[in-house]
Amino acid sequence: MIEGYNIQRMNFGESGCKSMTLSFTVRSSVAGTHSGAIQNSAQNRSYPFTYTLSADTWTDISVTIPPITDGSSWNETNGVGVRVVFDMGTGNATRGTAGQWNSAQNEGATGSVRILETNGATWEVTKVQLEVGTEGTDFEHRSFAEELALCERYFQIVYAR
């Protein structure tokens, strides 16, 4: 889940909405077409995407997601703004057409691999990054200290009296 404040510049649902790129590195013991989705906080708008893997091979994936300008609402405050979902085997009711914005809670794409149906299957992901624009950049490595400082804005100490 990505906080709403972090997606404000995307202008989701507005005429000035920007394209974005989701990039990640993934490997699975199950070859085939895998899927996921980008969703709004209400989970009533989604963009299912697919990617193809060979078994047990780390693969760099880049998915360009077109703008959504239909006037739909997106949380741009301190709650969930966008969800990035990787489908491990959802049912047909929560899968939709890949490569387009849908008015539904799509968790993945119709016809894609269902990892959970293969006994002992593995799926691993790293370097997940969602960026403005049509091209992904190298993964942003941050130091532990920098990551901790970013997280501390959510931290507070309450002393009992």
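- Side-chain polar atoms of Q8 and N6 form no donor-acceptor pair below 3.5 angstrom.
- Qualifying side chain to side chain contact (heavy atoms under 4.5 Å, CB included) partners for T118, counting only residues two or more places apart in sequence or in other chains: V30, A121.
- Under the salt bridge (charged side-chain N to carboxylate O under 4.0 Å, His left out) criterion, E131 pairs with no residue, sequence neighbours left out.
- Under the 3.5 Å distance criterion, the side-chain polar atoms of S112 are matched with a main-chain donor or acceptor of A109.
- Every residue two or more places apart in sequence or in another chain that forms a salt bridge (charged side-chain N to carboxylate O under 4.0 Å, His left out) with R142 is listed here: E140, E147.
- In this structure E14 satisfies the salt bridge (charged side-chain N to carboxylate O under 4.0 Å, His left out) test with no other residue, sequence neighbours excluded.
- Within 6.0 Å of the CD atom in E146, the count of heavy atoms belonging to other residues, nucleotides or ligands exceeds 12.
- P48 is not listed as a side-chain neighbour of R95, based on a closest heavy-atom distance of 4.5 Å or more.
- Within a 6.0 Å sphere centred on NZ of K18, other residues, nucleotides and ligands contribute more than 12 heavy atoms.
- Scanning for salt bridge (charged side-chain N to carboxylate O under 4.0 Å, His left out) contacts around R45 gives D70, with sequence neighbours left out.
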**Study point:** side chain to side chain donor-acceptor pair (under 3.5 Å) between N106 and S46, intermediate numbers included
**Key:** CA-CA 6 Å; N106 296 142; S46 55; 3.2 Å; yes
Distance-only donor-acceptor hits, side chain of residues 55-63, under 3.5 Å, sequence neighbours excluded:
| unit_1 | atom_1 | unit_2 | atom_2 | d |
| --- | --- | --- | --- | --- |
| T57 | OG1 | A55 | O | 3.1 |
| T59 | OG1 | T57 | O | 3.1 |
| D60 | OD1 | T25 | OG1 | 2.7 |

